[in-house]
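Quick notes on the structure that follows.
Note that the structure is predicted; figures quoted are calculated from it, not measured.
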Amino acid sequence: MSVESAEAEGTTQRLDRWLWFARIFKTRTLAAKFVSDGNVRITRGDNTQRADKAATAIRPGDIIVFTRNDRTRIVMVLKCGNRRGPATEAQELYDDQSPPVIKTEATPVPFERDKGTGRPTKKDRRAISALRAQD
C-alpha cells in the first residue's frame, strides 16, 4: 500500500494530532512544539528516524519513543484516532511499552526552617498584635 492510498483510507495521521488524540499532550500546539523540537523518534519496521515536523505521518504498527518529564515513553500505535475523546477511548489508540517507573524514597524538602527562626508565623503575628494592644 502506498503512502498516498494509505492517507486516502485514513490509516495514517499527523503525529501532532495523534499525540493530542491519545491524550499524551494537553493541547495540539504543545504536541506540535514538542515534535518540532526534535524530541520524538519513530520506528517503522527496522528503520528509526527522528520526527522533525509535526505533520510527520504515522500509521498503526509504528513505535514512538520520546522522553518527557525525565521519563522515557515507548508507545506502539495501534490505530489512528478520529477525535479527542475520553481517556478510555484514547488508551485504545496505543500500547504503552515504557519501562516501569521506579519509585524513589520521599523527595527531600528543598528547604526546611527551624521553628522560631525567620519570619513570624500567623500565630506569632497574632501574639505580637495582642501584646501591642495591651500597651
Side-chain angles (χ1 to χ4, degrees):
M1 177 185 295
S2 68
V3 174
E4 293 82 20
S5 63
E7 289 175 357
E9 292 178 16
T11 57
T12 65
Q13 189 167 34
R14 286 176 57 113
L15 179 58
D16 62 334
R17 287 190 73 198
W18 187 88
L19 289 169
W20 180 57
F21 285 166
R23 294 187 166 265
I24 293 172
F25 288 93
K26 193 170 187 176
T27 65
R28 186 171 166 195
T29 305
L30 287 174
K33 173 109 174 71
F34 189 78
V35 174
S36 297
D37 289 344
N39 297 320
V40 180
R41 290 185 318 233
I42 299 175
T43 303
R44 183 173 295 144
D46 293 332
N47 185 14
T48 301
Q49 58 186 350
R50 184 178 300 240
D52 293 330
K53 295 182 179 179
T56 302
I58 60 164
R59 63 182 84 154
D62 289 353
I63 296 176
I64 300 172
V65 180
F66 58 94
T67 302
R68 187 162 180 230
N69 299 332
D70 296 332
R71 180 175 176 215
T72 300
R73 300 278 308 264
I74 302 169
V75 178
M76 180 179 212
V77 179
L78 296 179
K79 61 182 180 178
C80 295
N82 296 326
R83 67 186 185 115
R84 181 178 166 92
T88 54
E89 187 177 312
Q91 289 171 348
E92 294 173 358
L93 298 179
Y94 62 91
D95 178 31
D96 193 356
Q97 301 172 347
S98 305
V101 178
I102 299 171
K103 299 276 183 175
T104 58
E105 294 181 20
T107 26
V109 178
F111 176 74
E112 196 168 301
R113 175 174 69 85
D114 293 333
K115 190 167 179 81
T117 61
R119 293 180 60 179
T121 63
K122 190 171 186 177
K123 184 178 179 181
D124 294 338
R125 289 194 307 270
R126 286 183 177 157
I128 292 169
S129 296
L131 285 173
R132 288 184 180 160
Q134 287 179 357
D135 289 341

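- Closest heavy-atom contact between Ser36 and Ala54: OG-N, 4.4 Å.
- When atom types are taken as modelled, the side chain of Gln13 and the backbone of Ala57 share no donor-acceptor pair closer than 3.5 angstrom.
- Tracing side-chain contacts under 4.5 Å through hydrophobic residues (I, L, V, M, F, W, Y), one never reaches Tyr94 starting from Ile74; they form parts of separate clusters.
- At least one donor-acceptor pair closer than 3.5 Å links the side chain of Trp18 to the backbone N or O of Lys79.
- Contact detail for Thr11 and Cys80: the closest heavy-atom pair is O-SG, 3.3 Å.
- A continuous path of hydrophobic side-chain contacts links Phe66 to Val35 [ILVMFWY only; heavy atoms under 4.5 Å].
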* To do: Just do the side-chain contact (heavy atoms from CB on, under 4.5 Å) check on Asp124 and Thr121 with the steps written out, would you?
  => CA-CA 5 Å; Asp124 294 338; Thr121 63; 3.2 Å; yes
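- Annotation for Arg41: atom CZ does not count as buried by contact number, only 12 or fewer foreign heavy atoms lying within 6.0 Å.
- The cationic group of Arg68 lies under 6.0 Å from the six-membered ring centre of Phe25 and within 45° of the ring axis, placing it in a cation-pi geometry.
- One hydrophobic cluster holds both Ile24 and Leu30 under the rule that ILVMFWY side chains link at heavy-atom gaps under 4.5 Å.
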* To do: Evaluate the salt bridge (Lys or Arg N to Asp or Glu O under 4.0 Å) criterion for residues Glu89 and Arg84: first the C-alpha distance (whole Å), next the side-chain angles of each, then the deciding distance (0.1 Å), finally the verdict.
  => CA-CA 8 Å; Glu89 187 177 312; Arg84 181 178 166 92; over 6 Å; no
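- Other residues, nucleotides and ligands contribute over 12 non-hydrogen atoms within 6.0 Å of the CZ atom of Arg44.
- To the nearest 0.5 Å, the span separating CG on Asn39 from CZ on Arg50 amounts to 8.0 Å.
- The CZ atom of Arg83 sits 11.0 Å away from atom CH2 of Trp20, with the distance rounded to the nearest 0.5 Å.
- Using a 4.5 Å heavy-atom cutoff, the side chains of Val65 and Val40 are not in contact.
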* List the steps, then state whether side-chain contact (heavy atoms from CB on, under 4.5 Å) holds for Val75 with Asp95. => CA-CA 6 Å; Val75 178; Asp95 178 31; over 6 Å; no
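- The shortest distance between side-chain heavy atoms of Arg73 and Asp96 falls below 4.5 Å.
- Within a 6.0 Å sphere centred on CZ of Arg71, heavy atoms belonging to other residues, nucleotides or ligands number more than 12.
- The distance from atom CD1 of Ile63 to atom CD of Gln97, rounded to the nearest 0.5 Å, is 5.5 Å.
- The OG1 atom of Thr12 sits 7.0 Å away from atom CZ of Arg59, with the distance rounded to the nearest 0.5 Å.
- The 12-atom threshold is not exceeded at CG of Asn82, counting heavy atoms of other residues, nucleotides or ligands nearer than 6.0 Å.
- Residues Arg28 and Lys33 have side chains not in contact (no heavy-atom distance under 4.5 Å, counting atoms from C-beta outward).
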* Criterion side-chain contact (heavy atoms from CB on, under 4.5 Å) on Glu92 and Leu78, from CA distance to verdict -> CA-CA 7 Å; Glu92 294 173 358; Leu78 296 179; over 6 Å; no
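- Note that the CD1 atom of Ile42 and the CD1 atom of Ile58 stand 6.5 Å from one another [nearest 0.5 Å].
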* **Step-by-step side-chain contact (heavy atoms from CB on, under 4.5 Å) determination, Lys123 to Arg126** => CA-CA 5 Å; Lys123 184 178 179 181; Arg126 286 183 177 157; 5.9 Å; no
